[in-house]
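Everything on this sheet refers to the single structure shown next.
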Amino acid sequence: MKGTSAASASGARQVAANGLALLLAYVIPRAFTVLSVILAARVLGTTAFGVYGSAAALAVMLSVVASLGMHPLLVREMARAPDRAGTLIRAAHLVKTASGLAMLAAAALLGRILFPGQGEAQAATLVLCVGWVLQAYAENLSAYFQAVERMRRWTEASALFGLVSSVAGIALLLVTRNLVAFSFGFTAGWAAALYWLRRGLPAEAREGGSPTLETVLLLARGTAPFAAAFVCLTIYCKVDVLLLRHWQGDEQVGLYTAAYKFVDIFQALVIVAAGAVYPRLARSAGTRGPGPWAGTRSTELMLLGAVPTGVALYLVAHPLVSALFGAEYVAAGAALSWLGLLLPLLAVSIHSGYVLGAAGRILPMAALYSAGIGINVALNAWLIPLRGAEGAALARLGSEGLLAAGFLWTVGGLAGAAPRLRTVLVTGGLAGTAPLIAALPDPTAGWLRCAVFLAVAAGAYAALGVTRAGEAEALLALLGRGRRTAGREGAP
């Protein structure tokens with residue numbers, strides 16, 4: 001019994017260490033890049049910043065061609081068989097060399113089609129895409145460090161990316177006042193991160209045996225469902241920017257891009273939480289029995305944390321965006337308020353994707369995001385011509401609501417990870433108080449209402465017992481049990 005308790009405590013400490021390392025890995029670079037983006041928005045103005053936002057959206061959509069969504073697969077396979085890491089990394093590099101070249105060719109072609117006569121937008125797209133190719137290689141190396149739960153190197157590389165990309169981008173922007181020059185900071189950042197990851201890779205992983213053609217083909221085939229899922233995910237997340245540009249122009253894209261930066265920060269935090277437990281979810285998913293498992297508990301905790309965050313952002317959207325981006329972006333507050341309500345839905349969708357990946361059920365994720373693309377495009381076609389950037393935010397909120405419902409149904413049926421009805425009712429009821437609190441008079445333009453809401457949320461959670469300390473301990477115990485079981489039985 002003592003050995004079991006010690007192993008559980010060790011597992012809990014490791015998960016906490018994973019979370020801290022991933023928090024630093026994602027938040028530090030986001031902090032740097034958000035500062036650089038805020039400065040770029042102020043220096044370039046809404047129209048030129050909108051051009052940059054359109055180029056960045058296209059580059060993100062094309063990035064999945066280079067990365068193929070392979071990262072979760074690599075983490076899962078290396079977590080189950082660390083001795084194969086070197087071979088898997090080299091095979092992944094070969095696959096991504098081919099996919100990266102295809103991505104750059106597509107960027108050159110689509111840039112000319114979507115940005116005719118806009119040389120800066122075309123050039124910025126290509127520069128950013130080169131950065132995404134470097135990021136695809138860096139993902140292969142980071143998968144190793146995450147799989148063996150040695151997150152520190154990934155933290156350092158991510159911090160280096162944030163520092164180099166922001167400092168280089170800001171310096172180039174201030175000297176040239178040019179969005180293409182600013183884009184070079186992103187590429188320089190990923191070059192630095194790739195170098196640092198490569199330096200820290202152990203000899204056995206760096207110099208693993210050359211993969212056979214069969215290994216490369218097996219990896220490519222295994223990647224196919226992940227690639228399908230992440231292609232659909234990426235298009236779903238960024239198509240609204242290109243549609244907004246088509247129907248309303250670069251100025252509205254600039255407003256929407258400014259508002260969406262807050263979503264980017266939150267998304268990074270969700271990835272931190274999901275990524276911290278993902279290696280153990282991948283091990284425990286193959287050995288779980290009937291009843292609750294780590295995927296169930298982590299889904300509930302994700303929802304409980306995301307609802308107060310999203311509603312708080314909804315309540316302070318207008319003063320927050322004005323304070324950070326300046327008076328020229330005050331109209332972005334309307335879009336940000338709706339994007340705040342998007343956050344809990346986004347958290348459910350992202351975390352559910354990790355759970356499905358851990359359970360080996362990634363194809364339903366592709367189907368859900370495919371449906372989401374159609375719904376998102378239809379809603380954007382209706383709302384963007386009427387309300388511009390705010391319409392794009394409303395469209396995303398509507399499509400994400402349907403998508404999150406689909407994910408909850410799917411993870412419940414295929415992975416046994418749906419939250420309990422009580423948790424859904426409590427968080428839903430809490431979110432329902434947002435319009436009532438927003439109607440209260442507030443001389444601080446929203447900050448006082450936000451404080452009232454957070455107090456109500458804390459009181460409701462405490463009174464209803466949905467965030468008991470024992471619940472978090474149970475999650476950590478389940479994660480630790482998954483690791484011990486996998487260790488005894490071997491990789492499935």
Side-chain angles (χ1 to χ4, degrees), residues 16 19 23 27 259 262-274 276-277 296-321 323-324 333-352 393-394 396-398 400-401 403-405 407-408 417-476:
L23 179 68
V27 173
F262 296 92
V263 180
D264 285 337
I265 296 171
F266 176 80
Q267 184 170 320
L269 295 174
V270 174
I271 293 172
V272 165
V277 298
T296 309
R297 300 295 180 89
S298 59
T299 301
E300 289 186 336
L301 294 176
M302 189 72 69
L303 191 58
L304 289 166
V307 167
T309 305
V311 176
L313 183 58
Y314 165 77
L315 293 171
V316 299
H318 291 276
L320 184 61
V321 76
L324 291 178
L336 180 58
S337 64
W338 298 118
L339 290 174
L341 299 180
L342 169 75
L343 300 189
L345 307 173
L346 185 65
V348 167
S349 300
I350 292 174
H351 181 261
S352 297
L394 282 166
R396 181 66 187 277
L397 178 62
E400 197 74 41
L403 189 64
F407 265 114
L408 288 176
R420 292 169 295 177
L421 179 61
R422 179 169 176 246
T423 302
V424 174
L425 291 177
V426 169
T427 52
L430 184 62
T433 66
L436 300 177
I437 293 178
L440 296 175
D442 184 357
T444 67
W447 297 106
L448 181 59
R449 286 192 291 260
C450 179
V452 169
F453 169 77
L454 291 176
V456 169
Y461 282 4
L464 297 172
V466 292
T467 55
R468 297 189 304 271
E471 192 169 40
E473 292 169 1
L475 170 64
L476 295 173

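Within the 4.5 Å cutoff, the side chain of R396 has heavy atoms near those of the L346 side chain. T299 is not listed as a side-chain neighbour of V348, based on a closest heavy-atom distance of 4.5 Å or more. Using a 4.5 Å heavy-atom cutoff, the side chains of Y314 and L342 are not in contact. Contact annotation: the side chain of L343 never approaches that of F262 to less than 4.5 Å [non-hydrogen atoms, C-beta and beyond].
To the nearest 0.5 Å, the span separating CG on L339 from CG on D264 amounts to 10.0 Å. Taken to the nearest 0.5 Å, the OG1 atom of T309 stands 11.0 Å off from the CG atom of L304. Atom CZ of residue F266 and atom CG of residue L313 lie 9.5 Å apart, to the nearest 0.5 angstrom. Atom CZ in F407 sits 12.0 Å away from atom CG in L345 (nearest 0.5 Å). Note that CE of M302 and OG of S349 are 11.5 Å apart. Values are rounded to the nearest 0.5 Å. L425 CG to L430 CG: the interatomic distance, rounded to the nearest 0.5 Å, is 12.5 Å.
What you find for G333 and A317 is that their closest heavy atoms are O-CB, 3.7 Å. Between P443 and L448, the shortest heavy-atom distance links the atoms CD-CD2, 4.4 Å. Nearest heavy-atom pair, L315 versus C450, reported as atom, atom and distance to 0.1 Å: CD1-CA, 3.8 Å. Contact record, G432 with P435: O-CD, 3.3 Å, taken as the closest heavy-atom pair. Considering every non-hydrogen atom in both Y461 and T427, the closest pair reads OH-CG2, 3.8 Å. Minimum interatomic distance between A393 and A335 (heavy atoms only, all atoms of both residues): CB-O, 3.5 Å.
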